[in-house]
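What follows is a short report on a single structure.
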Protein chains: 2
Amino acid sequence: MASSSVPRLKDVAEKAKVSVGAASRILRGDQDRFAQDTCDRVLEAARELGWRRNLLVNGIQTGRTQTVGVLIPPYDSFWVSILSGIHTRLSSADYLPITVWSGDLKHMPHFEADNQEGFRTITRLLDRRVDGIIMWPPFSLAYHDHFPELRERRVPVVVIDHRTENPVADTVVTNEAKAAKAIAKHILDLGHRRVACISSRETLAQSWALERRTSFEEAVTACGDVEMKSWRLNETGSNGAEVAYELLTDSLKPSAVFAVTDHEAAFVYEAAHKLGLKIPEDISVIGFADLDFAAQMSPPLTTVRQRPYEIGVETASLVLSRIETGEAVSDFSTSKIDADLVVRESTGPAKDRA
Amino acid sequence: MASSSVPRLKDVAEKAKVSVGAASRILRGDQDRFAQDTCDRVLEAARELGWRRNLLVNGIQTGRTQTVGVLIPPYDSFWVSILSGIHTRLSSADYLPITVWSGDLKHMPHFEADNQEGFRTITRLLDRRVDGIIMWPPFSLAYHDHFPELRERRVPVVVIDHRTENPVADTVVTNEAKAAKAIAKHILDLGHRRVACISSRETLAQSWALERRTSFEEAVTACGDVEMKSWRLNETGSNGAEVAYELLTDSLKPSAVFAVTDHEAAFVYEAAHKLGLKIPEDISVIGFADLDFAAQMSPPLTTVRQRPYEIGVETASLVLSRIETGEAVSDFSTSKIDADLVVRESTGPAKDRA
DNA sequence: CTGAAAGCGCTTACAG
DNA sequence: CTGAAAGCGCTTACAG
C-alpha cells in the first residue's frame, strides 16, 4: 500500500529514526561502528519499505556504472556463443551488458555500411557511461576511424576477430595459423594436391578472412608439389553460389576445397550438387567455425571448431581487468584462442594423384 | 592533450566564461533566451572539450534512464528475430536495451530452473532503474511469483508468448487459434484422417505449446471423421527422438504429424528416417515457427511462419507506450500477431483413406 | 539576458 | 556511536 512508488534512503532513515548518513553507512555494511540496535532498525526499515540502492547514483559518484557496451549482433551461432560467454562472464562480476544492434538481421551487411553511424552508436554507449566496450569487426573499423576523439574517454575497448596494423584496442582472435596448419595437414595427408580455397568478401572488416586464407595458402604450399588457387566473393557477398560453381569447374579441377567459413562451405555443397559431384568422393570440402548447421549437412561437414564461448569469456575477462586497472594502455594485447579440427564425412582420400 | 579524462559542464562553463546554469540551458537548446554571442562561445567550448552530457544524471533527476531490460536469450532464430525487432524499435526511440542471460546457451533449460534466480535477475535490472522490462516465458513465471513485491516499482512489463489466468503484464503472442485452423485445413484438405501431434514439454513456461496443441486438436476434430492423438516430451525435453519414434509406430498409424515447433519436426524426420518412412509419401510432417533450418531440411519443411520481427517491434512499442503513459495499469492487454502457413514439400496427399 | 541557489539520491570525510 | 555538511554532475525555478 505504499503510495510513493520508489522508496528513498530518506524514507528508510526517517522510519528508523536515524540520519540519512547513518542509514547509508549501515546499509553498505559498515555495521561495526553502530549500535546493534540501530543497525537492526535500519535494516528492518529498509526491508519493510523494499528499499534498493539507486545504482545510477553510484555511477555518477564513482564514475563506474558496472556496465559494458557490447556491439555484437547474433549474426550466426558463432557470435551467439560469443555473446553467451560474454554475458556469463560479465554477470559473474555483477556487470551488465548493454547491447546495441539495429537493422534487420537478415541484412547484416548494413552493420558496416556506415562508419559514421557506427561512431554514433559508440557515442550513445559512452553517453551512458559504460565502463568498457566489446565489439565485433564492423564497429572496430568505426572505432579505429574515430579513435582520436574516442581515446580521451579512456574507456577500455576489446575487439574480437579484427587485427590491424596499428591496433587501437586489445584483441581476441582465433589462432588462425595453427588452425590453418591442421587443415592443410589433414588435406595433404589425404593425398590432395589440387586445392582450392573459397574466401569470403575480405572487406576491411574481414581481416580474419584474409588471415585465414593466407595462412592456409602458406601452410598448403609449404608442401612442394601442390597446385592451389583461391577465390573470393564479391563486395556484397551475394555471389557465393556462383563463385563456388566457378571454382569447381575451374581448369585446376580441385579435389579439395577449403571454405573460410561453413557459410561458404554450404555454397560449395550447393554447387557440387548442381554439378553432380559427390562429396567427398569427387570433392572434399572443409569448412571453418563448426556452425550449428555443420553437423546436419549431408554429408556432415568436416570443419574447424572454434571456441566462441571461450572467446567470449576471455574477451569479457580482458575488459574487466582493464577496467579494474583503470590505466590508459598503450601496449594492446592480442589473445589467440585455439580451434580444433573436427573430421566428419565431407573429406576423404584423393582418388587420383594425377 | 586534455589531462582530465572526461570534461564536466563546469569546464565548459569556465572556458566559455558563463555560469554552469547558463551553459546547461544553452546546451539543452534553450538558445532564444541568450545572446547569440554567448551561445556560440558555449557551443564552441563544448565542442572543443568534447563534452557530452552525462546521461546518468538525467536518470537520477527525471527518474527515466531510457533503458529497457530485455530478458530474452537468443535461443533459436525465432528469438533472435524477436530480439532484432526489439532492438530496432527501442533504438529508434533512443532507448537502449540491457540484456541479461547467463548460463551456457547449450543448456537453455537452466533458464527456468530457478524462479528465485529469475527474481534476482529482474531485481538487478530494477536496481539499474530500467524504465521497462520485456521478458520471455521462463522469466514471466518468476515475475508472476514475485509480482506483489515487484508491482510497487511501477515498471511496465511486457511478456512474450506467455499467457496465464491472471495476467500481471501486457502480453504479445502469436494468434494460435488462427494458425491452428490453417494447419488443420491444410492437412484435412490433403485427405489426412489419422493425425498425430507432437508437442514440447508443456511446462508452465510453455503455455504457448499447450495452447498451440489444444487449438490444433480442436480445429482438427471439428471435422467429424478424424482420429487424432497427441504426444509430448518428458520434463527435460530430452526424449524427442524416442517420442517421435513411438508416435510413428503407434497403432494409430498417423498419416500426418503436426509438430508444435520445427524442433520437434526435426525429431519426426529423424524417426521417419530410422523407420524407412518417406516424407511426405508415407507421412506428412508440418512444423511451426519456420526456423532458419526449416527450408534446408530434406524435404523442405511445411511449417507456419511466425512473425518474430513484428512481435519484437510490437512488444517494444508496447513498453514504450506504457512508459510514456506512466500510469499503473490494471487492465493488461494481449496483442495477437498472425502467422502464415508456408507449404513446402513435407506435406502431401494422404494415399489411403482407410 | 544571465547568475546564485536548491535539488535529484546517495556517500563520505569530518566533527562531536 | 551518530549527525551535519559538502559533493558527484547536472537542471531548473527564481531572482535580478
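Lettering follows sequence order; numbering is per chain, from 1.
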Under 4.0 Å between any heavy atoms, over every strand shown, what does B:R8 touch: base, sugar-phosphate, or nothing? Just pick one. sugar-phosphate
Rounded interatomic separation in angstrom, taking CG from B:L56 and P from D:dG7: 21 Å
Separation of C:dG3 atom C1' from B:K10 atom NZ, nearest Å, is 17 Å
Using a strict threshold of under 4.0 Å (side-chain N to carboxylate O), is an ion pair present between B:R41 and B:D37? yes
With a 4.0 Å cut-off, would you call B:R53 and A:D127 a salt bridge? no
Provide, to the nearest angstrom, the distance between the NZ atom belonging to B:K17 and the P atom belonging to C:dG3. 12 Å
OP1 or OP2 of C:dG9 sitting under 4.0 Å from any side-chain N/O of A:W51? no
Heavy atoms under 4.0 Å, any strand shown: does B:T62 hit a base, just sugar-phosphate, or nothing? nothing
Partner nucleotide of C:dG3 by Watson-Crick or wobble geometry (both distances under 3.5 Å): D:dC14
Using heavy atoms to find the nearest nucleotide of DNA chain D for B:R53 and B:R33 separately, return the residue whose nucleotide is more 5′. B:R53
Between atom CD in B:E14 and atom C1' in C:dG3, what is the gap in whole Å? 15 Å
Is a side-chain N or O of B:S84 found less than 3.5 angstrom from the main chain of B:V80, in a donor-acceptor match? no
Got a donor-acceptor contact below 3.5 angstrom from the A:T65 side chain to the A:R129 backbone? yes
From CD of B:Q61 over to C1' of D:dG9, roughly how many Å is that when rounded to an integer? 8 Å
State whether A:R28 places a side-chain N or O below 4.0 Å from either non-bridging phosphate oxygen (OP1 or OP2) of C:dC10. no
